Amino acid sequence: MCYKTALDKKAEEITKQTGRSFHIPEEFASYKHNDAFTKPNLYIIPQDAPAKIYPAVWGLVPDFINTADSSLTPSEYVNRYKTFNARGEEFFEKRSYKSSAEGQRCLILADGFYEPHHYKGKSQPFFCYLENRALFAFAGLYTKLDHELYTTTIVTVEANKTFELVHNNKKRMPLVLDDSFQEDWISDLNTNQVKEIVTSGFTNSSFQYHPVTNEIYKNRTMQGDKTQERVDAFDPQFNQGGLF
DNA sequence: CCAGACGTTGTT
DNA sequence: GTCTGG
DNA sequence: CCAGACGTTGTT
DNA sequence: GTCTGG
């Protein structure tokens, strides 16, 4: 993935911790399980309006698609190209991401995400979160279409030691920014400075994780506590004495 | 040069 | 709009 | 980018 | 080897 995320916090708490209020307070609803294929909103702090938190459709639509002569509508574009994640190593070379990487970066607020763990030909989702379910920020890119309609994508990088155990197939992970890099990410930077954060900006806080129900694979809009509750792991390495 | 693409990783 | 593929 | 071309003119 | 065509 990262194609599933969580932001299970009250608006007041998010405002208190980020120092930002919601641009459309009545629109925000917290969620425990948010699947990219349902094209939900994520909540972002964009570089061009960093004083507030805005809803942004998950699935980045480049500016050049939002024009009269484009052969694709924004919706068709996302369905076809699945721009839910942008590879940090390559986004400056990708037509869909280049201009966003250069000047339309954002923080994407979350307090959890899901990664698939493969064992004996099966996949089981693992819920990943910080100690005390702390709020964090993914590095993101965005575009702004008409009328403050934002679209966004989560930056991914090669998995670290922790996440290559969890996401043992593709060995990727979302770029969770260390607190010390959050404001930098949404400030004016040159290409090398952006690449430096992609390379070394991953959080120093340690992630926790545990297996959760496979029902979230069948039901993409599933909500409720069950989406995050620990279940038995298919892979016995994750069942020994509740180490995880 | 021009036509066509423009993306990443899921999950059965 | 800009890059890639043929 | 790669595959394929890569040339000129008479003459019965 | 280098240019052209697609």
Side-chain angles (χ1 to χ4, degrees), chain A residues 1-6 33-40 42 56-105 108 112-128 138-146 151-160 163-176 191 198 209 211-223 226-228 231-235:
Chain A
M1 295 208 218
C2 176
Y3 287 174
K4 291 173 181 286
T5 64
H33 167 237
N34 200 349
D35 184 299
F37 288 98
T38 67
K39 292 193 222 126
L42 296 176
V57 178
W58 192 356
L60 185 138
V61 177
D63 292 332
F64 60 81
I65 293 296
N66 192 43
T67 58
D69 61 339
S70 169
S71 59
L72 294 176
T73 65
S75 173
E76 287 168 341
Y77 176 85
V78 173
N79 288 342
R80 182 168 308 184
Y81 296 111
K82 301 180 174 51
T83 48
F84 306 130
N85 292 167
R87 292 173 66 90
E89 302 90 331
E90 296 164 6
F91 57 27
F92 279 113
E93 283 77 48
K94 297 289 181 182
R95 298 192 276 303
S96 293
Y97 297 137
K98 184 169 192 252
S99 65
S100 294
E102 286 167 348
Q104 295 180 108
R105 297 179 302 276
I108 301 174
F113 59 92
Y114 297 77
E115 290 291 345
H117 180 74
H118 294 265
Y119 182 72
K120 294 194 170 179
K122 295 226 170 185
S123 177
Q124 182 175 40
F126 277 44
F127 184 64
C128 308
F138 295 119
L141 306 179
Y142 70 92
T143 58
K144 193 176 180 181
L145 306 184
D146 305 328
T151 77
T152 192
T153 186
I154 296 173
V155 174
T156 66
V157 294
E158 188 178 351
N160 62 15
F163 284 102
E164 66 183 23
L165 285 177
V166 178
H167 192 186
N168 55 342
N169 190 8
K170 283 293 196 290
K171 299 189 176 174
R172 303 289 297 171
M173 65 179 182
L175 176 51
V176 175
T191 303
V198 168
Y209 48 88
V212 297
T213 178
N214 274 48
E215 287 174 46
I216 63 172
Y217 286 163
K218 297 175 185 144
N219 181 357
R220 287 185 170 158
T221 59
M222 186 172 172
Q223 285 296 319
K226 219 177 158 189
T227 60
Q228 298 185 355
V231 300
D232 288 342
F234 298 165
D235 183 346

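Keep in mind it's a predicted model, so treat the numbers as computed, not measured. Here is the naming used below: chain letters follow the sequence lines, and residue numbers restart at 1 for every chain.
Neither OP1 nor OP2 of dG10(B) sits under 4.0 Å from any side-chain N or O of His118(A). At the phosphate of dT9(B), OP1 or OP2 sits under 4.0 Å from a side-chain N or O atom of Thr156(A). Between Lys94(A) and dT8(B), a side-chain N or O to OP1/OP2 separation shorter than 4.0 Å is present. A sub-4.0 Å separation between OP1 or OP2 of dT8(B) and a side-chain N or O of Arg87(A) is absent. Residue Tyr81(A) places at least one side-chain N or O closer than 4.0 Å to OP1 or OP2 of dC6(B). Remark: Thr83(A) is not in phosphate contact with dG7(B), judged by side-chain N or O atoms under 4.0 Å from OP1 or OP2.
Between Thr156(A) atom OG1 and Leu175(A) atom CG the span is 8.5 Å, to the nearest 0.5 Å.
Residue-environment remark: CD (Glu90(A)) exceeds the threshold of 12 foreign heavy atoms within 6.0 Å.
Within the nucleic acid shown, Asn214(A) comes within 4.0 Å of at least one base atom, counting heavy atoms only. Using a 4.0 Å heavy-atom distance criterion, Asn66(A) is classed as making no nucleic acid contact. At a threshold of 4.0 angstrom between heavy atoms, the contacts of Ala86(A) are confined to the sugar-phosphate backbone, with no base atom among them. Using a 4.0 Å heavy-atom distance criterion, Phe84(A) is classed as making no nucleic acid contact.
If you measure from atom NZ of Lys82(A) to atom C1' of dT8(B), you get 9 Å, rounded to the nearest angstrom. Rounded to an integer number of Å, the gap from Asn85(A) CG to dT8(B) C1' is 6 Å. In this entry the distance linking CG of Leu141(A) with P of dG7(B) reads 12 Å, nearest Å. Rounded to whole Å, the distance from NZ on Lys39(A) to C1' on dT8(B) is 16 Å. The separation between Tyr77(A) atom OH and dT8(B) atom P is 9 Å, rounded to whole Å. Separating the CD atom of Glu90(A) from the P atom of dT8(B) is a distance of 6 Å, rounded to the nearest angstrom. In this structure, CG of Asn169(A) is placed 10 Å from C1' of dG10(B), rounded to the nearest angstrom. Atom pair Ile65(A):CD1 and dT2(C):P shows a separation of 14 Å (rounding to whole Å applied).
Under the Watson-Crick or G-U wobble criterion, with both distances below 3.5 Å, dT2(E) is paired with dA5(D).
dG7(B) and dG6(C): their P atoms are spaced 16 Å apart (whole Å). Annotation: dC1(B) and dT4(E) have their C1' atoms spaced 10 Å apart (nearest Å). Taking atom C1' on both nucleotides, dG5(C) is separated from dG5(E) by 13 Å, rounded to a whole Å.
The side chain of His167(A) sits closest to dG10(B) out of dC6(B), dG10(B), dC3(C). Taking only side-chain atoms of Tyr97(A), from C-beta outward, the nucleotide of dT2(C), dG10(B), dT8(B) with the closest atom is dT8(B). Side-chain atoms of Pro116(A) lie closest to dG10(B) of the nucleotides dG10(B), dC3(C), dT8(B).
Pairing each heavy atom of Tyr77(A) with each of Leu60(A), the nearest pair is CE2-O, 3.4 Å. Across Arg105(A) and Tyr142(A), no two heavy atoms sit closer than the pair O-CE2, 3.1 Å.
Note: Tyr114(A) and His33(A) meet the aromatic proximity criterion, with ring centroids under 6.0 Å apart.
Using a 4.0 Å cut-off between charged side-chain N and carboxylate O, Glu115(A) and Lys170(A) make no salt bridge.
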